Undergrad: 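The following block contains the structure, expressed as structure tokens.
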Amino acid sequence: MNVEPVLHIHPDAEILASAVARRLIARLALAQNQHGEASVVLTGGSLGINTLRAMATDASRTEVDWQRVDFWWGDERFVAKDSPDRNELQARQALLDSLDIDEDRVHAFGSTDDFGSPHEAAEAYAQELRRAAGRDADDGGDGLPLPRFDVLLLGVGPDGHIASLFPDMAGIRELDRAAIGVEDSPKPPPQRVSLTLPVINSAEEVWLVVAGEDKACATGLALAGANDVQVPAAGARGRQETLWLVDQAAAARLPDALLATAETY
Ligand SMILES: O=C(O)[C@H](O)[C@@H](O)[C@H](O)[C@H](O)COP(=O)(O)O
């Protein structure tokens with residue numbers, strides 16, 4: 001049974017991004033000590049990318065052997081490979097280009113350069129997940145053959161979406177496939193590919209990284225136990241840890257009882 005959320009509140013978005021960066025570096029180093037390698041699922045969105053930028057300048061980044069880190073994505077915009085909209089391109093510019101990574105361990109979603117539709121790209125990603133599962137087979141508890149994800153990062157939209165799983169749409173209801181294509185994303189661009197909730201919840205740790213008062217309502221609903229079809233962020237649960245790493249503005253609508261349990265910095 002995946003674990004209930006733990007809440008950490010930081011003063012503002014910039015301090016939050018730096019704190020998440022440091023925490024992620026430490027967690028990847030720990031995973032390498034335990035398993036000889038580490039894996040992280042990255043997210044798009046401004047805070048997710050700012051977190052990567054903070055990692056690029058954090059002195060502790062030398063604690064990780066970046067040659068032994070697998071990089072995956074929770075979702076991707078289905079656009080050209082070199083489009084500035086690509087989460088992969090933004091992640092490379094923010095962090096990966098500054099590290100000595102193993103390109104064979106960078107698992108990007110396909111683009112319009114290689115696939116005719118988001119659905120084709122999603123099926124190809126599901127195959128890559130199955131291939132990687134061969135190394136450390138783990139069914140994620142849902143019969144889907146998946147690699148181990150040590151940390152899976154998620155941004156949260158004002159509507160409570162995570163990755164490209166949007167309220168009330170088919171993606172958040174998909175429980176049998178590992179990845180799906182999206183044609184009509186409410187958040188532009190309209191065509192996307194995304195991991196599904198069972199794959200998100202197969203991660204050892206799921207970290208929801210959220211800043212800004214426009215996320216306060218979604219954060220409040222998700223942590224109050226809303227239904228995951230209406231508020232997808234409510235359904236995100238890691239197997240060992242579910243962290244909500246937020247700033248004061250995003251925490252503004254949380255009840256006092258929950259705030260009292262939070263780790264506040
Ligand atoms: O590809 C994407 O757009 C993201 O994966 C998306 O899920 C994002 O994380 C949230 O929309 C939050 O984005 P912001 O941090 O920019 O609000």
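Note that ligands are numbered from 1 as they come in the structure, with each ligand's atoms numbered from 1 the same way. What you are looking at is a predicted structure, and each value in this text was computed from that prediction instead of being measured.
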Undergrad: Classify the ring geometry between Trp72 and His107 as parallel (under 30°), tilted (30 to 60°) or perpendicular (over 60°).
TA: parallel
Undergrad: For atom 5 (O) of ligand 1, what is the closest protein heavy atom, and at what distance to 0.1 Å?
TA: Asp75 OD1, 2.7 Å
Undergrad: Apply side chain to side chain contact (heavy atoms under 4.5 Å, CB included) to the pair Gln191 and Glu183, showing each step before the final yes or no.
TA: CA-CA 5 Å; Gln191 289 193 317; Glu183 292 285 359; 2.6 Å; yes
Undergrad: For ligand 1, which atoms have a heavy atom of Asn87 less than 4.0 angstrom away?
TA: 1 (O)
Undergrad: Run the numbers for me: atoms of ligand 1, each under 4.0 Å from some heavy atom of Arg192, listed by number.
TA: 1 (O), 2 (C), 3 (O)
Undergrad: Who's the nearest protein heavy-atom neighbour of atom 13 (O) of ligand 1, and how far?
TA: Lys187 NZ, 3.4 Å
Undergrad: Do Glu123 and Arg177 meet the salt-bridge criterion of a basic N to acidic O distance under 4.0 Å?
TA: no
Undergrad: For ligand 1, which is the ligand I care about here, please tell me if Gly45 has any N or O atom under 3.5 Å from one of the ligand's N or O atoms.
TA: no
Undergrad: In terms of residue, atom name and distance, what is the protein heavy atom nearest to atom 7 (O) of ligand 1?
TA: Ala163 O, 2.7 Å
Undergrad: Among protein heavy atoms, which sits nearest to atom 9 (O) of ligand 1, and what does the distance come to when rounded to 0.1 Å?
TA: Gly44 O, 3.0 Å
Undergrad: Students should be able to answer this: which protein heavy-atom is nearest to atom 16 (O) of ligand 1, and at what distance?
TA: Ser46 N, 2.8 Å
Undergrad: Distance from Asn201 atom CG to Thr196 atom OG1, nearest 0.5 Å?
TA: 9.0 Å
Undergrad: Are any of the heavy atoms in Gly48 under 4.0 Å away from ligand 1?
TA: no
Undergrad: Hey, what do you get for CG (Asp228) to CD1 (Ile162), rounding to the nearest 0.5 Å?
TA: 8.0 Å
Undergrad: Considering only the protein, which heavy-atom contact is closest to atom 11 (O) of ligand 1, and what is its distance?
TA: His161 NE2, 2.6 Å
Undergrad: Is a salt bridge present between Arg253 and Glu213, judged by a nitrogen-to-oxygen distance below 4.0 Å?
TA: no
Undergrad: Relative to the heavy atoms of Leu47, which atoms of ligand 1 are at a distance of less than 4.0 Å?
TA: 15 (O)
Undergrad: Within ligand 1, which atoms have a heavy atom of Thr43 less than 4.0 Å away?
TA: 5 (O), 9 (O)
Undergrad: Nearest to atom 17 (O) of ligand 1, what protein heavy atom do you find, and at what distance?
TA: Lys215 NZ, 2.6 Å
Undergrad: Looking at Gly155, which atoms of ligand 1 are within less than 4.0 Å of one of its heavy atoms?
TA: 9 (O)
Undergrad: When only distance counts, is Ser164 in polar contact with ligand 1, meaning an N/O pair under 3.5 Å?
TA: no
Undergrad: Of the non-hydrogen atoms in Asp85 and Glu76, which two are nearest, and what is the gap between them?
TA: O-OE1, 4.3 Å
Undergrad: What pair of heavy atoms forms the shortest contact from Ala163 to Ser194, and how long is it?
TA: CB-OG, 3.4 Å
Undergrad: Run the side chain to side chain contact (heavy atoms under 4.5 Å, CB included) check on Val151 and Arg23 step by step: do they pass?
TA: CA-CA 11 Å; Val151 179; Arg23 180 187 289 269; over 6 Å; no
Undergrad: Would you say Val156 and ligand 1 have an N/O pair spaced under 3.5 Å apart?
TA: no
Undergrad: Examine Trp73 together with Tyr125 and report whether their ring centres are nearer than 6.0 Å.
TA: no
Undergrad: Could you walk me through whether Leu152 and Val199 pass the side chain to side chain contact (heavy atoms under 4.5 Å, CB included) check?
TA: CA-CA 10 Å; Leu152 186 143; Val199 176; 5.7 Å; no
Undergrad: Counting each atom of ligand 1 from 1 as listed, which ones have a heavy atom of Arg77 under 4.0 Å away?
TA: 1 (O), 2 (C), 3 (O)
